[in-house]
Amino acid sequence: MMNVNCSTGRLMHGGLAVLLLCLLCMTMLTPAQAAPSSSHDTGDEVTSWLRQHAVPFTTAEPGSSDADLRPLAQMIGSAQVLGLGEETHGTHEFFAMKARIIEYMVQHMGVTAFAMEDDWGMSQGVDNYINGGSQDIWSVMLNDLFITWRTQEVKSLLEWLRTYNADPAHPHKVHFYGIDIQSLERPTVDGVLNYLRKVDPSQVETAHTIYQKFIGDNQNVGGWSQYKNLDQAGKQRYVSAAKQIYDVLHTHQAAYIQHSSPQAFAEALQDARVVVQYATVVPDRIQQDYALFSADHLPQATDPSSYYWFLQRDVYMAENVNWLQQHNVGRMVLWAHDDHIARNAALYHINGVTIEGNMGFYLQRWLGARYLPLGMTFSSGSFNANFSFSPTSYTIDTPNPYSLNGTLASVNLPRYMLDLRQAPRQGAVADWLDAGQAFRTVGMYPGTGKDEIYTPRQAFDIIIHFQRSHPSRMLSSQASFFGTLYDNANYIILGIIAFIALIIILVALLRWHYRRRLARERAFIQKLRSSPPATQTTTSS
């Protein structure tokens with residue numbers, strides 16, 4: 001028995017010695033034999049740099065202390081046009097933060113122009129509202145803004161701007177501008193027609209006849225059904241007709257200015273230019289939408305010509321922003337999707353034209369350092385999309401860890417701002433910033449969007465990142481009634497309580513009055529019953 005135990009002990013000691021020897025050999029392996037992948041090293045270095053340079057801030061909600069926005073103000077510096085992007089068109093944090101930045105820049109950084117991815121003609125109603133016009137806020141929200149902006153966040157911002165502009169202590173008023181051309185509104189057409197009535201009435205009938213082709217059934221916005229089945233020649237006829245009026249103005253520039261002013265002429269010419277822009281891109285969009293899109297089917301474009309309208313639209317939006325800057329609207333905040341404000345270069349030869357990039361690309365070319373793109377991103381959470389059919393909430397639970405969103409999430413802060421211009425020009429961080437990264441973008445259509453390739457440093461100067469997102473607060477389509485209830489809920493509840501209390505008091509008073517009257521009647525009857533009957537005297541005749 002003892003020999004067995006000794007043998008067992010020797011075996012255990014021997015096994016332990018072998019195990020220790022194996023561990024020793026593993027620790028002595030050369031780095032080449034046991035080194036982790038270089039991509040892991042790169043990721044660690046990028047995450048480390050992000051954590052060192054991320055600037056956290058307290059909240060996205062307007063109305064709080066401005067102290068945490070001062071670092072952002074330093075990042076923005078003297079930029080004349082700040083492009084405020086958004087990864088989705090339906091995220092509360094993006095909209096609230098944009099409102100907060102706009103309020104800050106209006107109060108402290110001299111911003112007097114608020115431009116938005118909204119139609120050129122629509123913008124006049126919004127501008128009238130924030131500058132004291134009689135139009136009510138619900139009419140503005142429902143008629144003068146894209147459906148994506150019909151949210152409580154945007155409504156609150158417009159109400160804030162109206163209050164700001166109404167204050168006599170603020171001599172420099174803020175004005176609102178739409179830069180998009182997805183529909184054609186009567187204010188744009190009327191701008192040209194009214195100008196021609198003043199400077200050259202002989203051209204009004206021709207212009208009116210041509211422009212009527214773009215306005216469907218005398219409604220406020222351009223009709224779309226007439227573009228449904230156009231061939232290329234048919235589309236070109238619309239463009240040629242729109243250019244005819246633009247050329248009339250351009251040809252008679254000197255004479256027209258003599259009868260008006262340089263500013264009045266410039267505004268009329270720009271309105272005519274917007275009609276040309278609309279005539280150029282919208283027929284392509286309508287044909288694509290009618291032919292391809294439905295609520296449950298969103299095809300991927302395989303030919304750039306299938307989304308020509310989107311690419312050319314970006315160029316035109318950049319044109320409109322540049323026109324505003326040339327005509328002294330002042331320092332501007334530009335609200336649009338990340339896809340538009342980013343500086344994305346891409347060369348396309350479509351429909352006889354060359355397109356080199358998106359809106360941000362052209363703004364960078366024309367404005368240089370005066371343009372600064374600020375992208376907004378998120379890691380996970382919910383947001384609204386499917387605006388073309390019925391706004392719906394979608395959720396992304398976790399980002400792709402190898403995507404731009406996933407890397408930004410590795411900082412593990414609730415929210416932060418990051419100045420990419422502070423990054424090194426060489427090394428792992430530079431390689432990551434200057435290489436294409438998968439970036440999740442969500443637009444108007446159903447679903448959780450798609451990954452696009454963004455080069456971070458080329459696309460953005462600043463990124464504001466949120467770890468979690470929530471859907472934007474959509475207003476009811478019956479906003480003119482229910483929205484009023486929403487805004488004044490506390491007062492309405494108090495009013496209902498006061499009304500009920502008044503009814504209760506009134507009923508109590510009536511019951512008290514009735515009981516007192518009943519008591520008096522009973523007392524009177526009792527008194528009659530207790531009194532002796534009256535003696536009757538009969539007189540003989």
Side-chain angles (χ1 to χ4, degrees), residues 59-65 90 92-93 95-96 99-100 103 125-145 147-170 176 220 382 384 390-393 470-541:
T59 180
E61 306 304 321
S64 54
S65 168
H92 166 74
E93 284 75 11
F95 288 7
R100 190 178 180 212
E103 292 178 12
V126 183
D127 185 59
N128 288 339
Y129 171 77
I130 67 172
N131 282 282
S134 59
Q135 196 174 15
D136 68 274
I137 184 62
W138 295 108
S139 176
V140 170
M141 297 303 296
L142 294 174
N143 299 319
D144 299 321
L145 290 170
I147 187 173
T148 48
W149 317 135
R150 295 172 193 168
T151 68
Q152 183 61 42
E153 297 91 346
V154 174
K155 176 177 174 290
S156 296
L157 173 60
L158 296 181
E159 290 173 326
W160 184 91
L161 289 169
R162 181 180 172 96
T163 301
Y164 178 90
N165 282 340
D167 191 338
H170 304 141
F176 181 91
N220 289 328
S382 300
N384 289 321
S390 177
T392 305
S393 178
H470 301 84
S472 55
R473 298 167 183 170
M474 300 296 298
L475 297 175
S476 168
S477 60
Q478 302 297 323
S480 56
F481 175 73
F482 292 106
T484 302
L485 297 181
Y486 178 88
D487 270 5
N488 300 288
N490 292 334
Y491 298 104
I492 291 172
I493 292 171
L494 289 174
I496 291 172
I497 293 173
F499 178 75
I500 293 173
L502 182 62
I503 294 297
I504 292 173
I505 293 171
L506 182 60
V507 169
L509 286 173
L510 289 173
R511 292 185 66 184
W512 176 78
H513 178 73
Y514 172 75
R515 287 175 178 174
R516 284 195 62 190
R517 181 181 174 183
L518 187 62
R520 287 197 300 269
E521 289 177 351
R522 287 175 177 172
F524 178 73
I525 293 171
Q526 185 65 31
K527 184 178 180 181
L528 289 177
R529 289 176 176 173
S530 60
S531 299
T535 304
Q536 295 183 350
T537 305
T538 303
T539 304
S540 301
S541 42

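What you see is a predicted model; the values in this text were computed from it and never measured.
- Of all non-hydrogen atoms in Lys155 and Leu475, the two that sit nearest each other are CD-CD1, 4.1 Å.
- When all heavy atoms of Pro62 and Glu103 are compared, the pair lying nearest together is CB-OE1, 3.7 Å.
- Evaluation of the salt bridge (Lys or Arg N to Asp or Glu O under 4.0 Å) test over residues 497-519, restricted to residues two or more places apart or in two chains, returns Arg517-Glu521.
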Worksheet item: Given the rule in the side chain to side chain contact (heavy atoms under 4.5 Å, CB included) test, do Thr151 and Asn384 qualify, once you have shown the distances and angles that lead to the verdict?
Response: CA-CA 11 Å; Thr151 68; Asn384 289 321; over 6 Å; no
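- The distance from the CG atom of Leu142 to the CD1 atom of Ile137 is 9.5 Å, given to the nearest 0.5 Å.
- Heavy-atom minimum distance, Gly125 versus Gln135: O-OE1, 3.7 Å.
- Every residue two or more places apart in sequence or in another chain that forms a side-chain hydrogen bond (donor to acceptor under 3.5 Å, both in side chains) with Glu93 is listed here: His470.
- Formation of a donor-acceptor pair under 3.5 Å by the Arg100 side chain with backbone atoms of Ser64 is not found in this model.
- Within the model, atoms CE of Met474 and NE2 of His92 stand 14.0 Å from one another, a figure rounded to the nearest 0.5 Å.
- Taken from CD1 in Ile500 to CD1 in Ile496, the straight-line distance is 7.0 Å, to the nearest 0.5 Å.
- Side chains of Phe95 and Gln152 form no contact here, defined as non-hydrogen atoms less than 4.5 Å apart.
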Identify each donor-acceptor pair in which a side-chain atom of residues 126-134 lies under 3.5 Å from a protein atom, sequence neighbours left out, and give them as a table.
from   : atom 1 : to     : atom 2 : distance (Å)
Asp127 : OD1    : Asn131 : ND2    : 3.1
Asp127 : OD1    : His175 : ND1    : 3.0
Asp127 : OD1    : Phe176 : N      : 2.9
Asp127 : OD2    : His175 : ND1    : 3.3
Asn128 : ND2    : Gln124 : O      : 3.2
Asn131 : OD1    : Asn165 : ND2    : 3.4
Asn131 : ND2    : Asp127 : O      : 3.1
Asn131 : ND2    : Val174 : O      : 3.2
Asn131 : ND2    : His175 : ND1    : 3.4

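- What you find for Ser393 and Pro471 is that their closest heavy atoms are OG-CG, 3.6 Å.
- Between Ala96 and Glu61, the shortest heavy-atom contact is CB-OE1, 3.9 Å.
- Looking only at distances, a side-chain donor or acceptor of Arg150 sits under 3.5 Å from a matching main-chain atom of Leu145.
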